[in-house]
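Okay, structure first, notes after.
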Amino acid sequence: MDGDGDGQSRWCLSQVKGAVDDDVAEADIISAVEFNHSGELLATGDRGGRIVIFQQEQESKNLPQCHAEYNVYSTFQSHEPEFDYLKSLEIEEKINKIRWLPQKNAAHFLLSTNDKTIKLWKISERDKRPEGYNLKEEDGRYRHPSSLTTLRVPVFQPMDLMVEASPRRVYANAHTYHINSISVNSDNETYLSADDLRINLWHLDFTDRSFNIVDIKPANMEELTEVITASEFHPLQCNTFVYGSSKGSVRLCDMRASALCDQHSKLFEEPEDPSTRSFFSEIISSISDVKFSHSGRYMMTRDYLTLKIWDLHMESRPVEIYQVHGYLRSKLCSLYENDCIFDKFECCWRGDDSEVMTGSYNNFFRMFDRDAQRDATLEATWENGSPGCPLKTWRVSAGSRRKRNEIGVDCLDFSRKILYTSWHPQDNIVALATVNNLYIFQEKLN
Amino acid sequence: MDVTAEAKQIMVQALSKLYSSRTQRGGLRLHRSLLLTLVMKSARDIYHSARLTSEKKGQADTHSVTENTSQTEEPMDTTSSTTTPLRATAAQSTEDGQRSGLEGHSHLHNPAGLTVNKENCNPTRLDRHSRKRRSKTATDPDFLPCKKAKLEFVEARGILQSNSANCGRALDSLSLVPMPRTIVTF
């Protein structure tokens, strides 16, 4: 935040991953970022259907002022482009969401999804291999039977660490519309997947069936007025989940109430302020992300211009509203023209729920300290400053003035945007994706 | 007029975005299509209400001007001739609302309402409107590629122009922009 009042924050750039050249291949554009439950692993997904997992090195005793670095641990192709012959539609391989399962044994499991298919991946290490086979040479060639004179028992010998990713389950053909969310239940046995009009409940072990728990498809599609945009299970109550809609409302559902949760248990909706009504009111009120706090007491929603924190006990209005980039309110027409108004920003909570973060344009990201009621605008760039150097905070002014650490709204680069962010579950480390780079920032420890 | 020009621009852009999204990789995005349709609807509503306001204003001005002259017949004629296309537009937008179905609320098919409008509008024109099953492509602007649309658009425009000959004002082609009846057929 604005730690010492002179425009310096407590955050430093730790690492940048990805190509540094300006020519970005479409396939390399990052589309998902997610820490696992311990924070040791960081997964990214891209439009090419690949997943890259980074692992934090063991904490180094030599450098107490910063956390250990993240290095590539595993890279694999999660989804491939497919073709739906019936509808003559290509199914993109772009990874929409990654969600880690809590770790139960040495292997790590994650769910990844594109528009239509969810996959469960097992990531496991192999650092030993059996050597001393009787029938095979070490290089795999079969030994001639006549050369066998003795028998021996193969033994495990250490080998270079190999990380293997294997698809354990493929959950397909359950969604007619495009999947926007997946969420693992706190029971560690089920998860939900949501598309524009339906939410399905799966058991991790079964791929041939899923239960439909929300269906908002109208009998006549011409009467469609809203779609589901994001969905998540409650972190502690396995019967509770929420889904956000394109109309700016969030519904909380209790699976104990009925098999089909079309009737919500709670509806979180803030009445629209008529003074701010414009052509684009519907678009900017659409919920792009919904995230429960770690405590389960609060929920955060992101729409185009604001972050709202809701107390689950109060449906009538949010308890906190943060303006992410209010200066864009007068620019909505141009943002509609260049399609930026349709961008879907994610948001995330700090491990102790005291701060929240979301991305913006010009590679800015916004941090909001809920306790101190302070906010900061930081920039994800590797050009100025060096790793370890504290980030300066920015201000955005009207017009096109440019001062030191101040930029005019007309000078913002809308092609550089931060849509995907993730906060380490315990430490103050954040990972965020610009178009093709992954940035990792750490808070200075002393 | 600033508001109407802006509304027109937004409608045109929404249409072109909807059309280009058809060829997008991954297929039609329902959420995006819905938002574009809602934007187009609100722009259209604002466009029409802004035009209604300006025409009422213009009509009041004409009214006051002609009242100053000794000819009392003319104001009556001006009023009636400008009222007809105004009502026609209103009826049309109501009908568009019915057809789009995306509003999903007040614009229900109301035979009583249509009857009221019939009394005040050119009955021939309205008959044609209500009987003719308006397809999505029926009145697309002619810059969008569609063989069928061109014929029907010309035909529809011809009907409307012949009936608005009284006021001698060319109809804005944007008033014929329909709401897409279906966003997507899955």
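Computation of the quantities below employed the complete heavy-atom set of this structure, encompassing side-chain atoms and omitting hydrogens, waters and symmetry-equivalent molecules. Residue numbers start from 1 in every chain, and the chains themselves are labelled A, B, ... in the order their sequence lines are given, proteins ahead of strands.
- With a 4.5 angstrom heavy-atom cutoff, A:S88 does not touch chain B via any of its atoms.
- Heavy atoms from other residues, nucleotides or ligands lying under 6.0 Å from CZ of A:F342 number more than 12.
- Neither the backbone nor the side chain of A:S281 has a heavy atom closer than 4.5 Å to any heavy atom of chain B.
- B:I10 touches chain A through backbone and side chain together, each having a heavy atom under 4.5 Å away.
- Taking a 6.0 Å sphere around CG of A:N173, one finds it holds 12 or fewer heavy atoms contributed by other residues, nucleotides or ligands.
- Contact between A:H178 and B:G26 at its shortest, heavy atoms only, is NE2-O, 2.8 Å.
- Only the side chain of A:L197 comes within less than 4.5 Å of a heavy atom of chain B; its backbone N, CA, C and O stay farther away.
- At least one side-chain heavy atom of A:I283 sits under 4.5 Å from a side-chain heavy atom of B:V39.
- Separating the CG atom in A:L224 from the CG atom in B:L30 is a distance of 5.5 Å, to the nearest 0.5 Å.
- B:L34 contributes atom CG, which lies 9.0 Å from atom CE of A:M221 (distance to the nearest 0.5 angstrom).
- In this structure, chain A has no heavy atom under 4.5 Å from any part of B:Q24.
- Of the possible donor and acceptor atoms, one in the side chain of B:K17 sits under 3.5 Å from a partner among the backbone N and O of A:E337.
- The backbone N or O of B:R29 sits nowhere less than 3.5 Å from a side-chain atom of A:Y177 that would complete a donor-acceptor pair.
- Applying salt bridge (Lys or Arg N to Asp or Glu O under 4.0 Å) to B:R25 and the options A:E90, A:E26, A:E82 leaves one that passes, A:E90.
- Proximity to chain B (any heavy atom under 4.5 Å) is shown, for A:N180, by neither the backbone nor the side chain.
- Taking the charged nitrogens against the carboxylate oxygens, A:D196 and B:R32 have no contact shorter than 4.0 Å, which rules out a salt bridge.
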Self-check item: Candidate pair A:Y336 and B:L36, rule side chain to side chain contact (heavy atoms under 4.5 Å, CB included), full reasoning
Solution: CA-CA 10 Å; A:Y336 163 75; B:L36 284 168; 4.0 Å; yes

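- Residue A:F279 touches chain B through both its backbone and its side chain, counting heavy-atom pairs closer than 4.5 Å.
- Rounded to the nearest 0.5 angstrom, B:H31 NE2 and A:S286 OG are separated by 3.0 Å.
- With rounding to the nearest 0.5 angstrom, the CG atom of B:L35 is 12.0 Å from the NZ atom of A:K247.
- Within 6.0 Å of CZ in A:F83 there are more than 12 heavy atoms belonging to other residues, nucleotides or ligands.
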